[in-house]
Protein chains: 2
Amino acid sequence: MTTTRPLRADAARNRRLLLAAAADEFAERGLDASVADIARRAGVGKGTVFRHFATKDDLIAAIVLDRIDELNAAGERLLEATDPGAALLEFLTVAAHQRQQRDLSFLHEAGGVSAEVTRVRETMYQTVYTLVDRARRHGAVRSDVTGTDIILLMCAPNYVTSYVSDAPPDLWQRYLAIIFDGLRPEGAHPLPHPPPTTP
Amino acid sequence: MTTTRPLRADAARNRRLLLAAAADEFAERGLDASVADIARRAGVGKGTVFRHFATKDDLIAAIVLDRIDELNAAGERLLEATDPGAALLEFLTVAAHQRQQRDLSFLHEAGGVSAEVTRVRETMYQTVYTLVDRARRHGAVRSDVTGTDIILLMCAPNYVTSYVSDAPPDLWQRYLAIIFDGLRPEGAHPLPHPPPTTP
DNA sequence: TAACAAGTTGACCGCCCGGTCCGCTTATTG
DNA sequence: CAATAAGCGGACCGGGCGGTCAACTTGTTA
């Protein structure tokens with residue numbers, strides 16, 4: 001563990017500006033938004049981007065890390081909730097509420113990006129497994145769906161709405177509700193395919 | 001309507017090879033697979049690609065057109081089916097069965113590509129609307145979901161499985177079943193957001 | 001406030017992409 | 001079997017990308 005001396009004041013400010021600009025830019029244009037555009041949006045030179053993040057992938061990883069941290073905070077809180085079904089639904093709501101689908105979808109991708117990301121993502125997976133387990137034992141979720149199933153379905157609401165031109169910002173709630181209804185035990189039909197093991 | 005004289009034998013063969021190679025390449029690497037790679041895979045020069053398809057987008061449009069045509073054929077057949085609920089499920093199955101998620105996902109995108117695509121896609125939408133209407137009236141689908149909802153959800157199963165490394169090829173069936181259970185009237189909870197109008 | 005390290009910048013590099021073009025090959029046809 | 005047009009291919013082009021670097025600016029600190 002290297003004890004890094006604190007950033008200079010302007011550098012810290014630029015770092016924050018960059019992360020915000022990059023998140024916005026990725027959300028609007030997808031992951032192939034150019035580094036030059038991100039720099040421009042943040043009001044800094046392109047070189048500054050690469051001073052803070054060695055590669056574009058590192059920048060992405062930093063954003064993903066933030067998002068997963070938020071999710072983990074929410075998850076930890078919801079592990080204490082009294083109603084396990086409502087807790088799982090709220091976790092999924094928090095996940096989907098992290099605005100644009102891109103932000104969420106690429107947290108699955110590659111994975112090899114950084115050890116930090118894979119570690120923090122693994123704890124998120126564990127949290128989901130526990131939330132699902134409780135909800136299932138509580139009868140709020142059908143017995144034949146697994147934690148991995150829910151992790152996979154987590155991003156679906158935002159994905160689905162991404163094809164609607166000028167979608168209202170909360171449209172994902174509709175599809176989260178439909179999918180969640182499909183996860184309930186009432187009226188569940190047997191599933192035609194076994195669950196995957198590796199998320 | 002221009003009466004085009006028939007392609008030379010080798011040209012027709014190359015066109016078929018190109019469409020197949022492009023479909024494979026897009027499925028494996030996504031829409032930003034390079035034209036050069038597609039040409040190499042088809043065993044032709046890069047120039048040949050652009051002789052058959054003026055732009056890369058035209059090539060994509062040609063593939064999309066094929067896919068939608070298949071869907072329309074299946075849809076037309078299923079409009080005659082006796083069990084409307086089973087018919088809708090089978091239509092979604094056919095749609096998802098068109099192997100890789102990319103193939104399906106980009107049939108939504110842009111749209112401005114060609115008049116032909118938008119026209120044929122529009123008839124596909126109409127077919128779905130009718131299938132959903134019948135299924136709803138038959139009590140196989142909850143009353144508060146619309147045809148647009150189903151169109152949006154159509155690609156979700158393949159999208160979801162795309163994040164599973166070495167997913168078994170039929171894994172999408174599992175998630176189609178879960179989502180379809182969410183579309184049934186039994187145990188449906190009221191939806192928190194009105195449906196979108198523009199698909 | 002002087003001196004220095006930390007930070008910034010934009011011109012620049014190599015690479016790969018979609019698309020063009022023209023000399024060459026080949027299927028077709030009378 | 002010519003003659004010809006249809007088809008082919010790959011060198012080539014402009015542009016945009018991620019990433020580098022050396023000259024310059026600025027926050028920090030003694």
Side-chain angles (χ1 to χ4, degrees), chain A residues 2-64 102 106 109-110 112-114, chain B residues 2-64 102 106 109-110 112-114:
Chain A
T2 55
T3 45
T4 49
R5 29 210 278 30
L7 283 180
R8 230 169 66 175
D10 56 342
R13 193 191 55 115
N14 280 343
R15 190 174 199 279
R16 261 182 289 110
L17 287 176
L18 270 173
L19 282 171
D24 288 348
E25 199 72 14
F26 286 143
E28 283 177 19
R29 304 212 204 273
L31 276 192
D32 32 353
S34 79
V35 173
D37 282 348
I38 293 171
R40 198 170 309 124
R41 187 167 190 144
V44 303
K46 198 171 66 153
T48 305
V49 180
F50 289 101
R51 172 159 196 89
H52 287 277
F53 309 96
T55 70
K56 185 181 175 179
D57 280 344
D58 285 345
L59 171 56
I60 295 173
I63 296 176
V64 171
R102 316 269 185 191
F106 63 66
E109 290 178 6
V113 249
S114 95
Chain B
T2 57
T3 46
T4 50
R5 25 211 282 31
L7 283 180
R8 234 168 66 175
D10 55 344
R13 194 192 53 116
N14 280 342
R15 190 175 200 279
R16 261 181 290 110
L17 287 176
L18 269 173
L19 282 172
D24 288 349
E25 199 72 15
F26 286 142
E28 285 178 16
R29 304 212 204 271
L31 275 191
D32 33 352
S34 80
V35 173
D37 283 348
I38 292 170
R40 198 172 308 125
R41 188 166 190 146
V44 303
K46 197 170 66 153
T48 304
V49 180
F50 289 101
R51 170 157 200 89
H52 287 276
F53 309 95
T55 69
K56 185 181 176 181
D57 281 344
D58 284 346
L59 170 56
I60 294 174
I63 296 176
V64 170
R102 316 269 188 190
F106 63 65
E109 290 178 5
V113 249
S114 95

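Each chain gets a letter, A, B and so on, in the order the sequences are listed, and its residues count up from 1. What you see below is based on every heavy atom in this structure, not just the backbone, and it leaves out hydrogens, waters and symmetry mates.
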Handout entry: Presence of A:His52 side-chain N/O under 4.0 Å of C:dG7 phosphate oxygens OP1/OP2
Key = no

By the 4.0 Å heavy-atom rule, please label [X] as base, sugar-phosphate, or nothing.
X	result
B:Ala12	nothing
A:Ala39	nothing
A:Ser34	sugar-phosphate

[N] [atom2] sits how many Å from [X] [atom1], rounded?
X	N	atom1	atom2	value
A:Phe53	D:dG18	CZ	P	15 Å
A:Arg40	C:dG10	CZ	P	11 Å
B:Asp58	C:dG18	CG	P	14 Å
B:Asp32	C:dG19	CG	P	14 Å
B:Lys56	C:dC16	NZ	P	15 Å
B:Ile38	C:dC17	CD1	C1'	12 Å
B:Leu31	C:dC17	CG	C1'	15 Å
B:Asp10	C:dT25	CG	C1'	10 Å

Problem - From CA spacing to verdict: side chain to side chain contact (heavy atoms under 4.5 Å, CB included), B:Ile38, B:Asp24 - result: CA-CA 9 Å; B:Ile38 292 170; B:Asp24 288 349; over 6 Å; no

Minimum-distance nucleotide (side-chain atoms of [X] versus [options]):
X	options	answer
A:Arg8	D:dG27, D:dC8, D:dC12	D:dG27
B:Arg51	C:dG18, C:dT8, D:dG7	D:dG7
A:Ala11	C:dT8, D:dC8, D:dC17	C:dT8

Fill in the blank from the handout: Heavy-atom closest pair (B:Ala33 atom, B:Glu25 atom, distance to 0.1 Å) is CB-CG, 3.6 Å

Problem - Carboxylate-amine/guanidinium proximity below 4.0 Å for B:Arg13 and B:Asp10 - result: no

Handout entry: Pair of N/O donor and acceptor under 3.5 Å linking D:dG19 base with A:Lys46 side chain
Key = yes

Handout entry: Backbone N/O of B:Leu31 and side chain of B:Lys56: donor-acceptor pair under 3.5 Å
Key = yes

Problem - Residue met sooner reading DNA chain C from 5', once A:Gly47 and B:Ala9 are mapped to nucleotides - result: A:Gly47

Practice task
Apply side chain to side chain contact (heavy atoms under 4.5 Å, CB included) to B:Ile63 and B:Phe53, showing your working.
Solution key: CA-CA 11 Å; B:Ile63 296 176; B:Phe53 309 95; over 6 Å; no

Completion exercise
Taking for B:Asn14 and for A:Asp37 the nucleotide of DNA chain D with the nearest heavy atom, the one nearer the 5' end belongs to B:Asn14

